[in-house]
Amino acid sequence: MDLKVGVIGTGAIGIEHIKRINEKVQGAYVTAVSDINVEQAQRLANQIDAVFFETGEELIASPDVAIVVVTSWDPTHEKYVLEAIKHGKYVFCEKPLATDSAGCKRIVDAEVKAGKKLVQVGFMRRYDRGYIELKEAIETKKFGEPLMLHCAHRNPTADENYLTPMAIINTGIHEIDALRWLLQEDYVSAQMILPKQTSFTHEKLHDPQMLILETVSGIHIDLEIFVNCQFGYDIKCDVVCETGEIGLEDPAYTHVKAKGKNYTKIAPDWQTRFVEAYDYEFELWVRSIQTGNLTGPTAWDGYAAAVTMDACGKARDTGERTLIQLPECPALYK
């Protein structure tokens with residue numbers, strides 16, 4: 001029987017996920033939506049033959065909703081995830097799981113008390129073919145132990161609503177989770193460097209930024225976050241091992257030779273670059289619920305990312321190396 005999905009938040013990403021569930025994913029369809037923009041959400045509900053709920057809480061409580069997707073405004077994520085746990089319903093929450101590590105810890109505690117993994121966090125990098133191949137090469141130790149990672153997260157432009165802390169909170173957070181997953185190691189320290197700024201930034205955004213992370217075994221990671229690079233959406237991850245280097249390639253399917261040049265296209269935005277990863281993410285999420293065994297990023301992963309994010313913010317503000325300490329991981333997540 002197909003799973004009935006309720007979606008809280010019908011902005012850009014919410015609408016994309018609704019289309020994804022209804023048009024691409026087997027075994028699920030959207031039966032309910034909720035959003036503070038009532039007119040838009042009601043119109044959408046009519047278009048997809050779903051029920052509109054005034055509040056996310058009403059949607060979660062509905063017997064016509066079996067599983068929940070949270071794509072609402074970031075500060076509302078925590079309360080909706082906690083509500084879904086209270087009702088014993090599986091919930092997919094776009095990042096961030098909560099706006100700070102304390103909020104993520106409250107979700108972890110609630111889930112541990114419930115005694116069952118119900119939460120999956122939308123860290124879709126784990127479903128990208130390039131990252132999956134990197135992980136396989138690292139785990140098989142084909143080139144020996146990983147020693148260093150050189151990474152970049154570049155966006156073509158950022159508007160004036162994008163502020164300095166968002167380089168970590170909204171952008172670098174993807175690498176913070178994906179690299180921890182790749183290496184299967186926690187971080188022990190973070191440093192932030194604020195280099196010379198691009199002329200394309202504005203007074204409330206220091207751009208670019210450099211993040212340096214160290215893992216438990218001493219692996220060194222440097223991550224360039226540059227959100228006004230002008231030339232495209234460019235994601236890099238080069239893993240330097242003892243006898244070789246493994247790196248991501250842009251998933252371009254054609255190249256062009258013209259006017260004395262040989263070049264390949266760069267993705268213009270994150271939707272284009274990771275569309276297949278998003279599709280695969282939801283396909284596996286639904287399948288894992290059907291088998292009763294969640295396999296994706298957990299609430300604990302969301303918490304670990306938030307603790308790291310907090311440390312990065314402190315390192316940026318103080319200019320000093322900041323230690324990262326996680327409590328003992330609960331048995332539920334091992």
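The figures here come from the full heavy-atom set of this structure, side chains too, leaving out hydrogens, waters and symmetry mates.
- Just one of Leu59, Asp64, Ile60 meets the side-chain contact (heavy atoms from CB on, under 4.5 Å) condition when paired with Phe53; it is Leu59.
- Surrounding NZ of Lys89 are more than 12 heavy atoms belonging to other residues, nucleotides or ligands, all under 6.0 Å away.
- Contact annotation: the side chain of Cys151 never approaches that of Glu224 to less than 4.5 Å [non-hydrogen atoms, C-beta and beyond].
- Centroid-to-centroid, the aromatic rings of Phe282 and Tyr127 stay 6.0 Å apart or farther.
- For the atom pair CD1 of Ile18 and CD1 of Ile21, the computed distance is 7.5 Å after rounding to the nearest 0.5 Å.
- Note that the OG1 atom of Thr164 and the CG atom of Asp207 stand 8.5 Å from one another [nearest 0.5 Å].
- Here the shortest heavy-atom pairing between Leu183 and Pro146 reads CD2-CG, 4.0 Å.
- Aromatic ring centres of Tyr278 and His17 lie closer together than 6.0 Å.
- Rounded to the nearest 0.5 Å, atoms NE2 (His77) and SG (Cys104) are 11.0 Å apart.
- How far CG of Leu82 is from CD of Glu78: 5.0 Å, rounded to the nearest 0.5 Å.
- Taking every heavy atom of both residues into account, Ala315 and Ala190 meet most closely at CB-O, 3.6 Å.
- Considering only residues two or more places apart in sequence or on other chains, Lys86 meets the side chain to side chain donor-acceptor pair (under 3.5 Å) condition with Glu83.
- For Glu245, the CD atom is densely surrounded, since the number of other residues' heavy atoms within 6.0 Å is greater than 12.
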Quiz: residues 255-271 side-chain donor-acceptor pairs under 3.5 angstrom, not counting sequence neighbours:
residue: Asp269; atom: OD1; partner: Gln271; partner atom: N; Å: 3.4
residue: Asp269; atom: OD1; partner: Thr272; partner atom: N; Å: 2.8
residue: Asp269; atom: OD1; partner: Thr272; partner atom: OG1; Å: 2.7

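- With hydrogens and angles disregarded, no donor-acceptor distance shorter than 3.5 Å links the side chain of Thr171 to the backbone of Ile168.
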>> As a quick check of understanding, evaluate side chain to side chain contact (heavy atoms under 4.5 Å, CB included) for Leu149 and Asp222, giving each step before the final call.
In response: CA-CA 6 Å; Leu149 278 69; Asp222 55 76; over 6 Å; no
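- The backbone N or O of Glu283 sits nowhere less than 3.5 Å from a side-chain atom of Gln26 that would complete a donor-acceptor pair.
- Judged by distance alone, the side chain of Thr71 and the main-chain N or O of Ile13 form no donor-acceptor pair under 3.5 Å.
- With Gln209 contributing its side chain and His206 its backbone, the two residues share a donor-acceptor pair below 3.5 Å.
- A 4.5 Å side-chain heavy-atom check between Ile221 and Met148 finds every atom pair outside the cut-off.
- At a threshold of 4.5 Å between non-hydrogen side-chain atoms, the residues Val216 and Val188 count as touching.
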> Checking side chain to side chain contact (heavy atoms under 4.5 Å, CB included) for the pair Ile225/Val227: CA distance, chi angles, key distance, verdict?
Replying inline: CA-CA 6 Å; Ile225 304 169; Val227 297; 4.2 Å; yes
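- Side-chain contact between Lys113 and Ile85 is absent, with no heavy atoms from C-beta onward closer than 4.5 Å.
- Of the residues listed (Val286, Val5, Leu284), the one engaging Val25 in a side-chain contact (heavy atoms from CB on, under 4.5 Å) is Val286, and it is the only one.
- Between Asp279 and Arg20 the shortest side-chain heavy-atom distance falls below 4.5 Å.
- Put simply, the side chain of Glu54 does not reach to within 4.5 Å of the side chain of Ser34, judged on heavy atoms.
- Side-chain contact between Glu94 and Val70 is absent, with no heavy atoms from C-beta onward closer than 4.5 Å.
- Residues Glu175 and Ala152 approach most closely at OE2-O, 4.1 Å, considering heavy atoms.
- Side-chain contact between Cys312 and Thr308: present, with at least one pair of heavy atoms (C-beta onward) separated by less than 4.5 Å.
- Atom CG of Asp49 has 12 or fewer heavy atoms from other residues, nucleotides or ligands within 6.0 Å.
- The heavy-atom pair separating Gly144 from Thr243 by the smallest distance is N-OG1, 4.2 Å.
- Hydrophobic cluster membership is shared by Leu326 and Leu213, with clusters built from Ile, Leu, Val, Met, Phe, Trp and Tyr side chains linked at under 4.5 angstrom.
- Residues Val68 and Val51 fall within the same hydrophobic cluster, defined by Ile, Leu, Val, Met, Phe, Trp and Tyr side chains chained together at heavy-atom separations under 4.5 Å.
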>> For a side chain to side chain contact (heavy atoms under 4.5 Å, CB included) check, start with the C-alpha distance between Arg154 and Lys236, then their side-chain angles and the critical distance, and finish with the verdict.
In response: CA-CA 9 Å; Arg154 298 168 177 155; Lys236 295 184 177 297; 3.3 Å; yes
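- The line from CD1 of Ile235 to CG of Asp250 is 8.5 Å long, rounded to the nearest 0.5 Å.
- Atom CD of Gln325 sits in a sparse spot, with 12 or fewer heavy atoms from other residues, nucleotides or ligands closer than 6.0 Å.
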>> Determine whether Ile212 and His220 satisfy the following criterion, side chain to side chain contact (heavy atoms under 4.5 Å, CB included), listing intermediate values before the conclusion.
In response: CA-CA 7 Å; Ile212 299 170; His220 172 102; 3.4 Å; yes
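- Thr298 and Tyr303 form no side-chain donor-acceptor contact under 3.5 Å, judged by distance and modelled atom types alone.
- Cluster annotation: Met210 is not connected to Val240 through the hydrophobic network of ILVMFWY side chains, with a link wherever side-chain heavy atoms come within less than 4.5 Å.
- Between the side chain of Thr31 and the backbone N or O of Lys4, no donor-acceptor pair lies under 3.5 Å.
- At distances below 3.5 Å, at least one donor-acceptor pair connects side-chain atoms of Lys135 with backbone N or O atoms of Trp181.
- Using modelled atom types and a 3.5 Å distance limit, the side chains of Glu111 and Tyr333 yield a donor-acceptor pair.
- Within the 3.5 Å criterion, the main-chain N or O of Thr157 finds no donor-acceptor partner in the side chain of Asn155.
- Under 4.0 Å is where a charged nitrogen must lie from a carboxylate oxygen, and between Asp177 and Lys95 no such pair does.
- Counting non-hydrogen atoms of neighbouring residues, nucleotides and ligands closer than 6.0 angstrom, the CD1 atom of Ile36 reaches no more than 12 such neighbours.
- Using a 3.5 Å distance cut-off with no hydrogens or angles, the side chains of Asp310 and Ser101 do pair a donor with an acceptor.
- Open room surrounds OH on Tyr280; 12 or fewer heavy atoms of other groups in view lie less than 6.0 Å from it.
- For Tyr162 (side chain) and Met166 (main-chain N/O), a donor-acceptor pair under 3.5 Å exists by modelled atom type.
- Thr76 places no side-chain N or O within donor-acceptor distance of the main-chain N or O of Ser72, the cut-off being under 3.5 Å.
- Across all their heavy atoms, Gly302 and Leu97 have their closest contact at CA-CD2, 4.3 Å.
- With hydrogens and angles disregarded, a donor-acceptor distance shorter than 3.5 Å links the side chain of Tyr187 to the backbone of Ile176.
- Here the rule is side-chain contact (heavy atoms from CB on, under 4.5 Å) with Asp128, and of Glu281, Arg273, Glu276 only Arg273 fits it.
- Between His153 and Tyr233, the ring centre distance stays below 6.0 Å.
- Here the CG-CG distance, from Asp74 to Asn170, works out to 6.5 Å after rounding to the nearest 0.5 Å.
- Considering all non-hydrogen atoms of both residues, Ile324 and Ala311 come closest at CG1-CB, 3.5 Å.
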